[in-house]
> 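Submitted below is the structure of interest, expressed as structure tokens.
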Amino acid sequence: MALQVFNTRTRRLEAFVPADPHVVRIYTCGLTVYSAMHIGHARTYCFWDVFRRYLEYRGQHVLSVINYTDIDDRIIAKAADGADAGAPGGWLEVAESVIATFRRDCRALRIKDYAAYTRATDFVDAQIDMVRQLLASGHAYVVDGEVFYDVQSFPRYGELSGNTLDGQQAGASGRVGEDLDRKRHPADFTLWKPSTPEQPTWNTGEAAWPQGRPGWHIECSAMATAMLGRHFDVHGGAVDNLFPHHENEVAQSEPLCGHPWVRYWMHPEHLDLRGVKMSKSLGNVIGIPDLLSRHRYDEIRWFFASTHYRTKLAFSDELIDACAEGFKRITRAVKLLAERLRAVSPQARAVPVRSRYASMRAPEQAIPREREAFEHGVFGAATRAFLDRFVAAMDADLGCPQATAAMFDYVGELFAQGLETIDDPPSLMAAYRCLTRHLHVLGVETVDAELYPELAADCLATADEGTQQLAELRAVIDRMLEARAEARRSKDFARADAIRDLLKRAGVAVEDAPGGARWELVR
RNA sequence: GGCCUGGUAGCCAAGUGGUAAGGCGGAGGUCUGCAAAACCUCUAUUCGCCGGUUCGAUCCCGGCCCAGGCCUCCA
């Protein structure tokens with residue numbers, strides 16, 4: 001069994017076979033950088049991150065490109081409204097600042113870095129060249145210095161999204177532009193438009209359309225092709241990109257690159273905000289810092305995994321909280337395993353079967369080789385069952401909900417089979433690595449570098465600076481807990497409770513367990 | 001008008017032509033100085049409604065009802 005994905009182009013599940021068996025080429029439509037990333041983007045980009053992580057888990061190399069649309073009327077408008085209204089290049093500053101927060105927000109959500117982040121304005125030459133070719137091949141026409149794509153010149157127009165030309169009702173959405181009188185068909189779209197003196201502009205060297213700026217759709221086509229070649233494996237964005245954006249991209253690209261331009265089109269669904277429309281005019285756009293002030297990144301990641309990517313995700317703080325409640329069981333198991341492993345000597349916790357990280361390995365071998373290490377020890381049978389379910393779930397069009405269900409059952413088995421009592425380091429280590437390795441696939445990077453250095457090396461390290469302080473904090477708390485244990489031994493429960501209350505007020509929850517007190521940071 | 005989803009327990013949410021994963025919540029229990037937490041067990045004779053195909057349908061087909069998305073702003 002191999003990975004299957006739902007291809008929007010064919011509306012079917014298909015075996016995922018990259019053109020080049022060694023590298024998967026993925027292009028993701030990124031932000032139009034006129035305002036910061038919000039929770040909707042978070043779902044989309046977290047999905048693409050999990051997709052990439054799973055491919056890597058499967059032993060594939062992934063070449064992923066994401067773009068910034070940094071030239072757009074909304075950016076220009078924002079710059080015109082801002083404090084430095086009218087300043088030359090103000091639109092670039094708007095773009096720069098949004099890009100910076102985007103990168104920061106992605107890292108906070110542990111979205112792995114892309115191989116390249118392309119900017120539309122860095123590829124204007126390629127865009128001009130594409131427009132030129134489309135004109136030459138009769139797929140575009142010029143009206144008053146503006147270049148339009150002629151949809152009627154492309155018979156397959158509408159195949160990707162299902163919005164065929166004869167089925168479309170122009171203006172049904174109430175958003176038809178004002179160019180109707182100049183277009184040959186209402187669905188024709190802008191490839192290049194002239195700029196007024198105060199708008200950013202590029203010279204083309206063409207007499208009929210001498211200057212101006214690119215249309216939205218041509219940007220992505222030019223960037224994707226420039227970075228990934230005339231044909232590549234996966235192109236995506238969220239569902240809203242399907243039409244018109246991706247449809248138009250196909251129409252522009254296939255006359256020049258051939259069909260199919262892209263092997264697999266994938267479109268994750270939106271958030272379902274339960275009737276509430278998130279929009280800037282309503283002032284209810286939830287940004288990433290806001291989201292992260294209410295939920296930890298790993299809770300958000302686990303929450304995203306709770307619903308299939310092609311299903312609308314019911315979103316609310318309460319739902320995330322409910323999901324996080326269940327997630328505690330997983331993290332608790334990881335923590336218990338780590339604690340018990342740390343308690344034994346380094347030598348004793350050595351894992352007999354080498355567990356090497358999968359990349360650089362042929363896809364067919366990657367999982368079996370890793371499995372050997374995971375399946376070792378007393379939890380072997382449970383681990384085997386878990387691995388089978390996890391891989392089967394993810395192979396079936398990234399079935400994260402089933403993958404998480406498998407993990408819940410696995411953790412249940414670990415507890416049932418003596419997670420808290422069995423004293424065999426290799427067994428504990430195998431289970432620890434198995435859990436953290438698979439959480440990592442789902443975007444949860446909870447791993448102790450000492451216990452699983454190979455995996456830790458692949459995590460977005462954001463805690464480096466805090467490590468030393470954290471160790472000191474840990475020592476202080478441990479001393480307080482030692483004092484409390486002393487009080488309990490001498491039956492001075494008032495003092496013991498006082499220490500517990502003090503820690504609680506400081507945000508440290510203490511719980512008594514058979515082996516001694518445990519603590520964790522709480523909000 | 002065209003295209004497309006989805007309606008599964010109080011809530012979220014998988015899924016299969018052979019009789020319903022998982023999580024939250026709820027109910028018991030174990031442990032505990034007390035707490036809290038944790039762990040264990042239980043929690044849909046039923047999958048919007050009506051027909052049909054079938055030995056058998058939640059899953060296939062037809063009709064109906066309801067909710068939602070897209071048809072050039074949108075992740």
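In what follows, chains carry the letters A, B, and so on, assigned in the order in which the sequence lines appear, proteins first and then strands, with residues in each chain numbered from 1.
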> Taking atom OG1 of A:Thr421 and atom CZ of A:Arg340, what is their separation to the nearest 0.5 Å?
6.5 Å

> When we call it a touch if two heavy atoms are under 4.0 Å apart, what does A:Ser306 touch: a base, just sugar-phosphate, or nothing?
sugar-phosphate

> Provide the distance between the two P atoms, one in B:rU30 and one in B:rA36, to the nearest whole Å.
16 Å

> Just name whichever nucleotide pairs with B:rC64, Watson-Crick or G-U, keeping both distances under 3.5 Å, else none.
B:rG48

> Judged by modelled atom types alone, do A:Asp188 and A:Tyr141 share a side-chain donor-acceptor pair under 3.5 Å?
yes

> Considering only side-chain heavy atoms of A:Arg329, which listed nucleotide, B:rA75, B:rC39, B:rG33, is closest?
B:rC39

> Using atom P in both nucleotides, what's the gap between B:rC42 and B:rC34 to the nearest angstrom?
28 Å

> Any idea which of B:rA75, B:rC73, B:rC34 is nearest the A:Asp497 side chain?
B:rC34

> Expressed in angstrom and rounded to an integer, what is the separation of A:Asp272 atom CG from B:rG69 atom P?
9 Å

> On RNA chain B, does the nearest nucleotide to A:Phe303 precede the nearest nucleotide to A:Glu420 from the 5' side, or the other way round? Give the residue.
A:Phe303

> When the C1' atoms of B:rU58 and B:rC49 are considered, how many whole Å apart are they?
14 Å

> In whole Å, I'd like the distance from the CH2 atom of A:Trp519 to the P atom of B:rA36.
22 Å

> Answer yes or no: is there a donor N or O on one side and an acceptor on the other, between the side chain of A:Ser64 and the main chain of A:Tyr114, under 3.5 Å?
no

> Contact class for A:Trp48 (heavy atom, under 4.0 Å): base, sugar-phosphate, or nothing?
nothing

> If we count only N and O atoms by modelled type, under 3.5 Å, do the side chains of A:Ser427 and A:Asp424 hold a donor and an acceptor together?
yes

> Mind calculating the distance between CG (A:Asp388) and C1' (B:rA21) to the nearest angstrom?
16 Å

> Choose from B:rA13, B:rC24, B:rA75 the nucleotide whose nearest atom is closest to any side-chain atom of A:His270.
B:rA75

> Could you work out which one of B:rC74, B:rC11, B:rA75 sits closest to the side chain of A:Leu319?
B:rC11

> How many Å lie between CZ on A:Phe315 and P on B:rC12, as a whole number?
15 Å

> When the C1' atoms of B:rU45 and B:rA37 are compared, how many Å lie between them, rounded to an integer?
36 Å

> When you compare B:rG2 with B:rC64, how far apart are their P atoms, in angstrom units rounded to a whole number?
13 Å

> Looking at A:Arg11, does any N or O in its side chain come under 4.0 Å of the phosphate oxygens OP1/OP2 on B:rC3?
no

> Under a 3.5 Å distance rule, please check whether A:Asp49 uses its side chain to pair with a backbone N or O of A:Lys112 as donor and acceptor.
yes

> With rounding to the closest Å, how many angstrom separate the C1' atoms on B:rG26 and B:rG6?
28 Å

> At under 4.0 Å between heavy atoms, what does A:Ala322 touch on the DNA or RNA strands: base, sugar-phosphate, or nothing?
sugar-phosphate

> Could you tell me whether A:Arg389 contacts a base, only the sugar-phosphate backbone, or nothing, with contacts defined as non-hydrogen atoms closer than 4.0 Å?
sugar-phosphate

> Contact class for A:Arg484 vs. all strands (heavy atom < 4.0 Å): base, sugar-phosphate, or nothing?
base

> Take atom CG of A:Asp105 and atom P of B:rA75, then tell me their distance rounded to the nearest Å.
14 Å

> Round to a whole Å and report the spacing from CZ of A:Phe102 to P of B:rA75.
11 Å

> Cut-off 3.5 Å, side chains only: do A:Asp397 and A:Tyr309 have a donor facing an acceptor?
yes

> Considering every strand and a 4.0 Å limit on heavy-atom distances, what is the contact class for A:Phe493: base, sugar-phosphate, or nothing?
base

> Report which part of the nucleic acid A:Lys504 touches: base, sugar-phosphate, or nothing (heavy-atom distance under 4.0 Å, all strands).
nothing

> Any idea how A:Trp216 and A:His245 line up, ring-wise: parallel (<30°), tilted (30 to 60°), or perpendicular (>60°)?
parallel

> State which of B:rA14, B:rA75, B:rG22 makes the closest approach to the side chain of A:Asp409.
B:rG22

> Considering every strand and a 4.0 Å limit on heavy-atom distances, what is the contact class for A:Thr32: base, sugar-phosphate, or nothing?
nothing

> Taking for each residue the nucleotide of RNA chain B bearing the nearest heavy atom, is the 5' side occupied by A:Trp302 or by A:Glu511?
A:Trp302

> Mind checking if A:His245 touches a base, just sugar-phosphate, or nothing, with heavy atoms under 4.0 Å?
nothing

> Expressed as a whole number of angstroms, how long is the span from A:Tyr34:OH to B:rC74:P?
8 Å

> Between B:rC59 and B:rG52, how far apart are the two C1' atoms, rounded to whole Å?
15 Å

> For A:Arg332, answer base if it contacts any base atom (sugar-phosphate contacts may also be present), sugar-phosphate if it contacts only those atoms, and nothing otherwise; contact means non-hydrogen atoms under 4.0 Å.
sugar-phosphate

> Contact class for A:Asn248 vs. all strands (heavy atom < 4.0 Å): base, sugar-phosphate, or nothing?
nothing

> Nearest to the A:Phe243 side chain among B:rC12, B:rC34, B:rC71, which nucleotide is it?
B:rC71

> NA contact type, A:Asp73, heavy-atom cut-off 4.0 Å: base, sugar-phosphate, or nothing?
nothing

> Using distance alone, with no hydrogens and no angle criterion, decide if A:His295 and A:Asp317 have a side-chain donor and acceptor under 3.5 Å apart.
yes

> Give one of base, sugar-phosphate or nothing for A:Arg43, where a contact means two heavy atoms less than 4.0 Å apart.
nothing

> Taking CD1 from A:Ile330 and P from B:rG23, how many angstroms apart are they, rounded to a whole number?
9 Å

> Say we look at B:rG17 and B:rA13: how far apart would their P atoms be, to the nearest angstrom?
22 Å

> May I ask you to say what A:Gly40 touches in the nucleic acid, namely base, sugar-phosphate or nothing, with a heavy-atom cut-off under 4.0 Å?
base

